[in-house]
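Encoded as structure tokens, the structure appears first; notes follow it.
For ligands, and for the atoms within them, numbers begin at 1 and follow the listed sequence. This structure is a prediction, so every number in the text was calculated from the model and none was measured. The figures here come from the full heavy-atom set of this structure, side chains too, leaving out hydrogens, waters and symmetry mates. Numbers here are sequence positions counted from 1.
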Amino acid sequence: MTRKRNWSASYLRVYAKCWEPDARLVEFCRERDREREEEVKNRERERLEKQMMREHEKELEAVKEQLKDGVEEGPEEAAEQKQMEEAAFDMCVDCHWSEKKIEEMTERDWRIFCEDFNISYKGSRIPRPMRYWEEGALSPELLKAVQKVGYKKPSPIQMAAIPIGLQQRDVIGIAETGSGKTAAFVLPLLTYISKLPPMTEEIEAEGPYAVVMAPTRELAQQIEDETVKFAHFLDIRVVSIVGGQSIEEQGFKLKQGCEIVIATPGRLLDCLERRYAGLNQCNYVVLDEADRMIDMGFEPQVMGVLDAMPSSNLKPENEDAELDEKKIYRTTYMFSATMPPAVERLARKYLRNPVVVTIGTAGTAADLITQHVIRVNETEKLDRYENIFQATGGFQNIVGF
Ligand SMILES: Nc1ncnc2c1ncn2[C@@H]1O[C@H](COP(=O)(O)OP(=O)(O)OP(=O)(O)O)[C@@H](O)[C@H]1O
């Protein structure tokens with residue numbers, strides 16, 4: 001059996017004296033020794049660099065701890081800390097917004113964030129959107145409710161509209177159907193209600209704290225389902241008042257008291273006229289699918305309901321006027337896929353200094369819908385559907401022809 005030799009340069013020198021080997025072989029072995037030395041040096045350099053990084057991280061951690069504990073620093077330490085913070089900030093400047101803490105977000109990051117989610121705004125003094133649920137000013141109870149309902153991340157309309165509603169500002173939301181508009185107004189609405197006195201028997205007769213109007217029974221039903229998902233965690237009662245059902249029964253439910261009424265405008269106005277309920281303490285109103293309500297001829301009924309609410313709580317028309325923090329102002333949310341003149345008229349009359357939030361391109365569904373074309377024979381169709389449904393269990397809606 002032949003043994004493999006390890007030709008080191010020193011061995012070769014001895015070897016060379018005795019047998020005078022080929023010069024090319026000597027050169028080859030020297031080259032290999034040089035490569036090995038280089039490799040050892042590189043490894044050492046890497047080790048030192050890693051050690052320095054670890055020490056740097058430790059120092060940063062120590063500074064953070066010091067800050068947390070409120071330890072007083074001398075001017076040298078403060079300068080050193082500032083330097084380190086600047087270095088850390090410099091390292092982070094090129095990070096994507098998703099890797100940054102909220103206090104590290106720059107104007108540019110917010111711009112990219114809005115572009116990423118197709119959010120655009122019009123208006124003045126616009127609050128920042130919330131990137132994650134925890135960054136909104138939702139109460140711990142509501143955050144828990146969101147977690148239990150299973151919404152891991154807010155949808156773009158929720159990111160943009162919730163912080164505005166939480167400031168009691170009026171919102172015009174232009175977003176597609178199915179974009180999560182309901183939670184976008186329900187969560188600020190529940191936050192608002194949970195700060196009010198509990199709805200006791202003495203004040204029940206004054207009517208609900210909030211009204212949501214929608215053009216159709218089906219949509220009202222859908223909104224009710226979505227609202228109840230969150231409201232039941234806070235013991236907030238929801239009553240729906242829609243056409244096609246006994247008005248007396250609905251009147252009875254209203255008289256029993258509730259915090260939120262979800263209604264179609266015609267039936268709600270009927271109930272108000274029959275004095276089944278008042279809107280004397282209602283300061284939160286949502287008009288969902290306002291353009292459709294107008295198209296369906298509900299403008300007078302919508303206005304009738306809005307006029308039955310206390311107008312003394314409307315915010316001042318002058319957008320620079322200071323708001324009284326202790327006062328409750330009427331908050332109006334209006335959602336519409338389009339803004340025809342009649343909707344603009346409504347907005348001008350009943351909304352004050354609203355922030356207009358648009359998600360994607362108003363009036364089109366292109367941004368939300370992915371289309372796939374699959375050609376199959378008529379006989380294969382059912383099998384293919386079955387395969388697709390199994391493979392795409394995550395999709396909520398599929399239309400097949
Ligand atoms: N953040 C979220 N995470 C996961 N699912 C969500 C989230 N927000 C809403 N949804 C779900 O998305 C669906 C559509 O929401 P929602 O009904 O609020 O949409 P919409 O914009 O009001 O649509 P429509 O105009 O048809 O009423 C619902 O099933 C809702 O439960």
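Between atom 6 (C) of ligand 1 and the options Phe185, Phe335, Tyr151, the minimum heavy-atom separation is to Tyr151. For atom 24 (P) of ligand 1, the candidate residues are Asp288, Thr227, Thr177; the nearest heavy-atom contact is made by Thr177.
By the 3.5 Å distance cut-off applied to N or O atoms, Lys152 is not counted among the residues near ligand 1. Checking only distances, Gly178 does come within under 3.5 Å of ligand 1, N or O to N or O.
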Could you go step by step and tell me if Lys229 and Tyr151 meet the side-chain hydrogen bond (donor to acceptor under 3.5 Å, both in side chains) rule?
-> CA-CA 11 Å; Lys229 268 190 205 169; Tyr151 292 179; 3.2 Å; yes

Carefully, step by step, assess Gln222 and Asp225 under the rule side-chain hydrogen bond (donor to acceptor under 3.5 Å, both in side chains).
CA-CA 5 Å; Gln222 217 175 293; Asp225 294 345; over 6 Å; no

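Atoms of ligand 1 found under 4.0 Å from any heavy atom of Glu289 (numbered from 1 in listed order, with element): 25 (O). The Glu176 neighbourhood of ligand 1 comprises atoms 21 (O), with distances under 4.0 Å to a heavy atom of that residue. Listed by atom number, the atoms of ligand 1 under 4.0 Å from Ser179 heavy atoms are 19 (O), 20 (P), 21 (O). Ligand-side atoms of ligand 1 in range of Ser155: 1 (N), range being under 4.0 angstrom from any heavy atom. Near Gln222, with a cut-off below 4.0 Å to any heavy atom, the atoms of ligand 1 are 17 (O), 24 (P), 26 (O), 27 (O). Under a 4.0 Å criterion applied to the non-hydrogen atoms of Lys153, ligand 1 contributes the atoms 1 (N), 2 (C), 3 (N). For ligand 1, the atoms sitting less than 4.0 Å from at least one non-hydrogen atom of Thr182 are 16 (P), 17 (O), 18 (O), 22 (O), numbered in the order shown with element in parentheses.
Using a 4.0 Å cut-off between charged side-chain N and carboxylate O, Glu204 and Arg237 make a salt bridge. Between Glu299 and Arg345 there is a salt bridge, since at least one side-chain N of the basic residue sits less than 4.0 Å from a carboxylate O of the acidic one. Of the charged side-chain nitrogens involved, none lies within less than 4.0 Å of a carboxylate oxygen, so that Glu273 and Arg267 do not count as a salt-bridged pair.
Heavy atoms of Glu226 found under 4.0 angstrom from ligand 1 belong exclusively to the side chain. At a heavy-atom distance under 4.0 Å, only side-chain atoms of Leu219, from C-beta outward, approach ligand 1.
Scanning for side-chain hydrogen bond (donor to acceptor under 3.5 Å, both in side chains) contacts around Arg384 gives an empty result, with sequence neighbours left out.
Looking at Ile172 and Met339, their side chains come closer than 4.5 Å, going by heavy atoms from C-beta outward.
Legend: ring-ring contact (aromatic ring centres under 6.0 Å, His included) pairs involving residues 160-213, not counting sequence neighbours, sorted by first then second residue: Phe185-Phe335, Tyr192-Tyr284.
Note on ligand 1: Lys229 sits in its first shell, one or more heavy atoms being nearer than 4.0 Å.
The two residues Ala160 and Val357 make their nearest non-hydrogen contact at CB-CG1, 3.5 Å.
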